[in-house]
Amino acid sequence: MPVLFITDALIFFLVFMVSCFILYARRHEHLRAPWRQVVRSPLAMSSAVILAAYILVGLLDSIHFHPRMPAAGSDEIINSTEIMSLLDVVTGPLRTRNEKTYSSPLASHLYAKEIIELPDGSQIRDYPRLLYGGAHLSAPEAGKRQDILQRVFSGLLLGSTLSGLFFGIFVLLSGRAGRVSFTAEAMAIIRRRKAIPWHAILLTLALLVITASVTIVLASEYHVLGTDKVGQDVLYQSLKSIRTGLVIGTLTTLVMLPFAIMLGLMAGYFRGWVDDVIQYLYTTLNSIPGVLLIAASILILQVYIANHADEFTSIEHRADMRLLFLCIILGITSWTGLCRMLRGETLKLREIDYVQAAQAFGVGNTTIMLRHLLPNVMHIVMISIVLDFSGLVLAEAVLSYINIGVDPTMHSWGNMINSARLEMAREPIVWWSLTAAFLFMFVLVLAANLFSDAVRDAFDPRIRTGFE
Amino acid sequence: MIAYIFRRILYALPILIGVNIITFVLFFVVNTPDDMARMNLGQKRVTQEAIQKWKTERGYDKPLLWNSNTGGAGKLTDTIFYRNSVKLFVFDFGRSDSGRDISYDISQRMWPSLAITVPGLLLGLLAYITFGLILAFFRATYVDIAGVVICVIMMSISGLFYIIGGQYLIGKFLHLVPISGYDIGPEAFKFVVLPVLVGLIGSIGASTRWYRTIFLEEMNRDYVRTARAKGIPEQQVLFRHVLMNGMIPILTGVVVLLPTLFIGSLVMESFFAIPGLGSYTIDAINMQDFAIVRSMVFLGSVLYIIGLILTDISYTLVDPRVRLE
């Protein structure tokens with residue numbers, strides 16, 4: 001029984017739009033040429049592989065459904081009320097194998113001491129064994145280190161084999177397509193003689209596969225990144241947070257894009273009073289400090305949700321509503337910059353001959369804007385989309401931290417950091433939740449930054465002429 | 001010049017009216033005063049009398065825009081919009097929902113905010129310009145590449161990491177300064193050090209990279225080539241020509257920030273328990289105090305608009321080619 005959240009629908013709409021755009025860009029040389037430059041940059045393509053991995057996890061986590069399960073007391077199969085995503089299915093036991101409270105990464109014992117009842121009836125105060133982490137070991141003190149080393153080794157082996165296999169198949173297919181022998185093709189890739197930096201792509205992919213294999217082999221018996229306060233697996237939380245980060249980073253732009261483009265083009269093209277009104281609109285919105293507007297709006301939303309509790313069927317729907325609302329508010333506070341840039345560019349473009357010619361031929365205003373102006377400002381739109389992304393992902397964490405971000409029940413890096421920071425004073429320190437959240441966020445933002453730099457260099461004509 | 005400033009202030013009025021209407025719609029149309037009362041008094045089992053009393057005490061029992069029960073000017077003035085929004089124009093913030101005088105609170109709390117933001121801005125400028133110039137001077141060498149790589153890595157790390165890391169380091173190992181809190185007088189210094197440093201480190205990556213781009217742009221200009229051709233040493237070119245001209249976009253970018261220094265930083269103040277205007281707003285959000293949030297939104301907008309006007313004036317000061325008319 002599938003469930004469609006509003007943000008899910010928007011994500012799939014976004015995927016559809018991006019696919020359409022790719023098809024469009026393939027047929028237009030002025031868009032193809034800069035993208036070709038991006039594709040030939042090794043750093044950008046390595047980042048793209050990492051981003052693709054994040055997006056894959058995010059997409060898996062965006063397909064929601066009610067799982068089917070046997071009804072209590074009978075053999076009949078019914079839909080559970082709980083909502084799961086495909087990612088929950090893929091990660092399998094990570095979701096359900098909850099411990100009692102904190103446990104450090106790869107631990108076999110709980111973080112805190114408890115009173116344990118021994119078989120002979122006496123009681124001692126000690127660190128109890130975990131329910132799942134390292135439960136397969138009979139004597140964890142002696143055998144854990146060796147067991148972990150064994151698992152890391154077999155994970156490395158598995159990952160390398162998979163990567164090697166993939167490399168072989170890739171070289172075989174690409175060699176056959178180019179009608180060269182297997183060794184010649186392999187050497188061409190290794191010696192970096194291909195136009196597309198396959199060596200970088202394949203190397204990043206191999207590293208990714210090896211990391212994933214080691215993690216998977218370890219995760220089958222351990223909590224690789226430990227567990228949090230309520231005993232939930234931190235690795236699972238970090239993976240679930242990916243979707244939230246991606247949604248904030250992309251949907252915000254999607255929400256604001258139509259307004260920014262339409263108003264920016266109109267202001268620059270029509271000038272006069274239209275320009276005045278639109279300028280007034282964005283100056284007004286811009287003059288409200290962003291954080292304050294977000295804070296005020298979230299405060300308002302909280303009151304609305306509290307007073308209309310019956311309109312939300314489940315906690316998940318409520319959290320989803322808040323996520324969408326946050327995207328819209330972030331969009332409202334961030335569209336003005338793009339709108340101003342588009343206005344400026346349109347003011348320049350409308351004086352150029354081809355627009356004047358179209359006007360002289362009696363082409364309608366809407367057609368001129370769509371056919372002649374929009375394609376020529378697309379590069380600005382694209383640069384702004386990729387540049388905004390990493391900032392928005394980072395903003396999510398900060399906003400959640402001061403309680404004006406996503407719903408507290410939603411998995412997000414901000415919420416992970418927020419709940420973990422109070423444990424900093426503990427001895428020994430609970431560091432794994434924070435580290436995991438920061439690490440996942442850092443890798444995503446770094447990849448996004450490197451990728452967006454490449455896109456900007458390729459599309460921004462000013463910089464291109466500046467360094468030639 | 002005077003005429004220009006006067007006109008700009010006149011232009012600012014409709015913008016402030018717009019801000020006012022937006023906040024008013026946000027606060028009173030989406031949720032009725034009844035909703036707010038219920039939220040403030042607790043959700044369950046709130047009697048209608050209690051709600052009425054809460055509203056009357058805070059003046060939320062009036063009609064929103066038009067009061068037909070009274071005569072004359074009272075039709076317009078005896079409404080929530082007039083009482084809560086129009087008065088903001090003369091900076092009469094009124095009382096918060098918990099009964100405190102907002103204007104007094106603001107005048108008290110802006111000093112701790114300034115104590116953090118002003119040193120932060122000055123030290124930041126010094127650091128960004130220095131590093132930006134160094135990277136521009138060593139452009140296209142390993143120093144430059146390494147610097148840019150470090151910048152990209154530093155700007156990819158969440159600001160929360162620097163804050164939590166800084167507090168942990170100081171609190172656990174160094175014990176040099178308190179990790180949070182504030183004190184008035186000279187004692188304030190030791191409370192200010194950590195937030196300022198953390199803020200500096202957190203923003204140094206992005207800012208240095210941006211300043212480097214500005215300086216590099218200047219370096220490709222004709223006058224720099226002419227200066228080099230005349231045989232002026234590279235150091236002098238860098239400081240006399242590149243730095244001076246690069247200061248134009250930098251200064252004007254800073255001037256727009258100046259008035260907002262009063263507001264402080266929401267994030268930093270709530271982390272380091274600085275009793276400034278930022279944490280004032282955060283507290284108001286957490287206590288659901290609508291009057292304070294509304295006042296802060298308005299104050300923020302006013303300061304931003306002042307910043308825009310100051311930016312225009314500063315353009316004429318640093319760049320003689322720009323004339324205001």
Peer 1: Heavy-atom cut-off 4.5 Å, strictly under: side chain, backbone, both or neither for B/Ile305 against chain A?
Peer 2: side chain
Peer 1: Quick one: of A/Leu293, A/Val291, A/Ile417, A/Val398, who has the most non-hydrogen atom pairs under 4.5 Å with chain B?
Peer 2: A/Val398
Peer 1: For B/Leu160, is it the side chain, the backbone, both or neither that has a heavy atom under 4.5 Å from a heavy atom of chain A?
Peer 2: both
Peer 1: With a 3.5 Å cut-off and no angle check, do the side chains of A/Ser412 and A/Thr244 form a donor-acceptor pair?
Peer 2: no
Peer 1: Between B/Ser270 and chain A, with a heavy-atom cut-off of 4.5 Å, which part of the residue counts as in contact: side chain, backbone, both or neither?
Peer 2: side chain
Peer 1: Can you find a side-chain donor-acceptor pair between A/Ser433 and A/Asp228 that sits under 3.5 Å?
Peer 2: no
Peer 1: Based on non-hydrogen pairs under 4.5 Å, which of A/Val393, A/Leu394, A/Leu434, A/Ile298 is most in contact with chain B?
Peer 2: A/Leu394
Peer 1: Side chain, backbone, both or neither: which part of B/Arg221 has a non-hydrogen atom closer than 4.5 Å to chain A?
Peer 2: neither
Peer 1: Any non-hydrogen side-chain atom of B/Ile153 less than 4.5 Å from a side-chain atom of A/Phe442?
Peer 2: yes
Peer 1: Backbone N or O of A/Tyr282 within a donor-acceptor pair of the A/Arg340 side chain at under 3.5 Å?
Peer 2: no
Peer 1: For B/Asp144, is there an ion pair with B/Arg212 - N to carboxylate O distance below 4.0 angstrom?
Peer 2: yes
Peer 1: Can you tell me which of A/Val443, A/Ile404, A/Asp453 forms the most heavy-atom pairs within a distance under 4.5 Å of chain B?
Peer 2: A/Asp453
Peer 1: With the side chain counted from C-beta on, respond yes when B/Met296 and B/Leu277 share a heavy-atom pair under 4.5 Å apart, and no when they do not.
Peer 2: yes
Peer 1: What part of B/Val293 lies closer than 4.5 angstrom to a heavy atom of chain A: side chain, backbone, both or neither?
Peer 2: side chain
Peer 1: Taking the side chain as every heavy atom from C-beta outward, state whether B/Glu269 and B/Pro195 have any pair of such atoms under 4.5 Å apart.
Peer 2: no
Peer 1: Using non-hydrogen atoms and a 4.5 Å limit, figure out which bit of A/Leu450 sits close to chain B: side chain, backbone, both or neither.
Peer 2: side chain
